[in-house]
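Pasting a structure below so you can have a look.
Hydrogens, waters and symmetry mates are skipped; everything else that's a heavy atom, side chains included, is used. We count residues from 1, following the sequence as given.
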Amino acid sequence: MAAAEAGHWEHPYVPKDLKLPDYVPCFLSQKDILVPYLGTSFLLVSLIWLFSGRSKLSKTDRLLMCWWAFTGLTHIILEGYFAFSPDFYKEKTPHFLAEVWKEYSKGDSRYAGRDAGIVTVEGITAVLEGPASLLAVYAIATRKPYSYILQFAVCLGQLYGCLLYFITAFLEGDNFATSPYYYWAYYVGANSSWVVIPLLIAIRCWKKITAALQAEKKMKTR
């Protein structure tokens, strides 16, 4: 109590000896963070779905546009803020993006601790994969010939980033969550989409690219 009154709080993260000078606790509850995030995401996806319905795109392509818009803005806004805001855990006002990362760090304290590997992966994701994801939305909508190779490349980047994320945690002891709840909800659950969905998209793009090359080969042999 005395520490809090003096303006110093003990952080809730693991390990307890993690050095976070001038740490400030979350102002917002988990509900206050998740509801606006999920609500905004749902609104974005809904708008993309509605506007894409005016075209002759297949339902699969429309769903892909929704995914790439969601993941692109997540990379740029959320992960971009983390990568370029080293003092987010010191934020003394209820800044929403800082609150997101204070909360998420309960599932992986490497974020609060500014682990070099995590910062590097998130920085690359925000700067390269974020804009590339939004370009994929445009490429699908306008049926650009590079659509599949672009999606395939971004998916490989996302899968590689996830592999680094999980493997480095395993090699370092996999002990960065404050409880099993946060481990499964944040560390595993929140990241599973960026493993499963990019894998499925990569497989689809591989088949499309292979089929196109085979068709071209047949045309040349006639």
Side-chain angles (χ1 to χ4, degrees), residues 28 30-85 94-101 103-104 121-162 165 185-186 188-213 215-216:
L28 303 178
Q30 182 185 61
K31 179 182 178 181
D32 291 335
I33 293 172
L34 290 180
V35 170
Y37 173 70
L38 295 176
T40 302
S41 300
F42 178 77
L43 177 61
L44 169 69
V45 169
S46 298
L47 289 174
I48 296 294
W49 178 260
L50 289 174
F51 281 113
S52 64
R54 298 180 178 180
S55 64
K56 295 182 180 180
L57 295 170
S58 67
K59 289 184 178 180
T60 299
D61 282 333
R62 292 171 64 195
L63 286 172
L64 286 171
M65 288 176 63
C66 292
W67 164 254
W68 287 121
F70 164 75
T71 194
L73 292 177
T74 297
H75 289 333
I76 293 171
I77 299 173
L78 278 184
E79 293 167 270
Y81 174 83
F82 165 78
F84 300 104
S85 302
H95 187 291
F96 184 76
L97 295 180
E99 295 293 287
V100 168
W101 290 112
E103 176 68 17
Y104 181 79
V121 169
E122 294 290 14
I124 292 173
T125 299
V127 174
L128 297 181
E129 294 174 19
S133 296
L134 297 185
L135 179 59
V137 177
Y138 169 76
I140 295 171
T142 55
R143 297 182 175 85
K144 295 296 183 182
Y146 58 79
S147 173
Y148 292 119
I149 191 64
L150 173 63
Q151 293 179 69
F152 185 73
V154 179
C155 286
L156 289 185
Q158 291 176 326
L159 290 170
Y160 180 70
C162 286
Y165 179 67
Y186 291 172
V188 177
N191 292 288
S192 61
S193 295
W194 278 274
V195 175
V196 176
I197 296 178
L199 181 60
L200 294 175
I201 295 175
I203 293 172
R204 179 177 184 267
C205 290
W206 177 271
K207 291 180 178 179
K208 292 287 187 179
I209 295 169
T210 301
L213 291 175
E216 182 181 2

In chain order, what residues pass the ring pair (Phe, Tyr, Trp, His ring centres under 6.0 Å) check against Tyr165, with sequence neighbours excluded? Tyr187
Chi angles and distances behind the side-chain contact (heavy atoms from CB on, under 4.5 Å) call for Leu57, Arg143: CA-CA 9 Å; Leu57 295 170; Arg143 297 182 175 85; 3.8 Å; yes
Rounded to the nearest 0.5 Å, how far does OH of Tyr104 lie from CG of Asn191? 4.0 Å
Can I get a per-line list of side-chain donor-acceptor pairs under 3.5 Å for residues 192-209, giving both atom names and the distance, sequence neighbours left out?
residue, atom, partner, partner atom, Å
Ser192, OG, Gly189, O, 2.9
Trp194, NE1, Thr71, OG1, 2.6

Distance from Phe96 atom CZ to Ile77 atom CD1, nearest 0.5 Å? 10.5 Å
Could you go through Asp32 and Glu99, starting from their C-alpha distance and side-chain angles, then the distance that decides it, and tell me whether this counts as side-chain contact (heavy atoms from CB on, under 4.5 Å)? CA-CA 10 Å; Asp32 291 335; Glu99 295 293 287; over 6 Å; no
How would you list, by chain and number, every residue that makes a side chain to side chain donor-acceptor pair (under 3.5 Å) with Ser133, sequence neighbours excluded? none
Considering residues, nucleotides and ligands other than Phe42, do more than 12 of their heavy atoms fall under 6.0 Å from its CZ? no
Considering all heavy atoms of both residues, which atom of Pro131 and which atom of Ala126 are nearest to each other, and what is their separation? CD-O, 3.3 Å
Nearest heavy-atom neighbours spanning Lys31 and Pro36: O-CD, 3.9 Å
Is it the case that more than 12 heavy atoms not belonging to Tyr160 sit under 6.0 Å from its OH atom? no
Looking at Tyr138, I'd like to know if its OH atom is crowded, meaning that more than 12 non-hydrogen atoms belonging to other residues, nucleotides or ligands lie closer than 6.0 Å. no
Can you measure from OH (Tyr148) to CD1 (Ile140) and round to the nearest 0.5 angstrom? 8.0 Å
Are Leu63 and Trp49 packed together at the side-chain level, in the sense that at least one heavy-atom pair is separated by less than 4.5 angstrom? yes
Within the structure provided, determine whether Ile48 and Trp68 are in side-chain contact (heavy-atom separation under 4.5 Å). no
Can you name the closest pair of heavy atoms from Gln30 and Tyr186 and give their distance? NE2-OH, 2.7 Å
Which word best sums up how the rings of Phe70 and Tyr37 line up, parallel for under 30°, tilted for 30 to 60°, or perpendicular for over 60°? tilted
Nearest-0.5 Å distance, CG of residue Leu28 to NE2 of residue His95: 11.5 Å
Point-to-point distance, once rounded to the nearest 0.5 Å, from CG of Leu78 to CD1 of Ile76: 11.0 Å
Interatomic spacing from CD in Glu122 to CD in Glu129 - rounded to 0.5 Å: 9.5 Å
Heavy-atom closest pair (Ala132 atom, Val154 atom, distance to 0.1 Å) is CB-CG2, 3.6 Å
Ignoring hydrogens, what is the shortest heavy-atom contact between Ala136 and Gln151? Give both atom names and the distance. CB-CG, 4.2 Å
Looking only at non-hydrogen atoms, find the nearest pair between Glu79 and Thr125 and report the distance. OE2-CG2, 3.6 Å
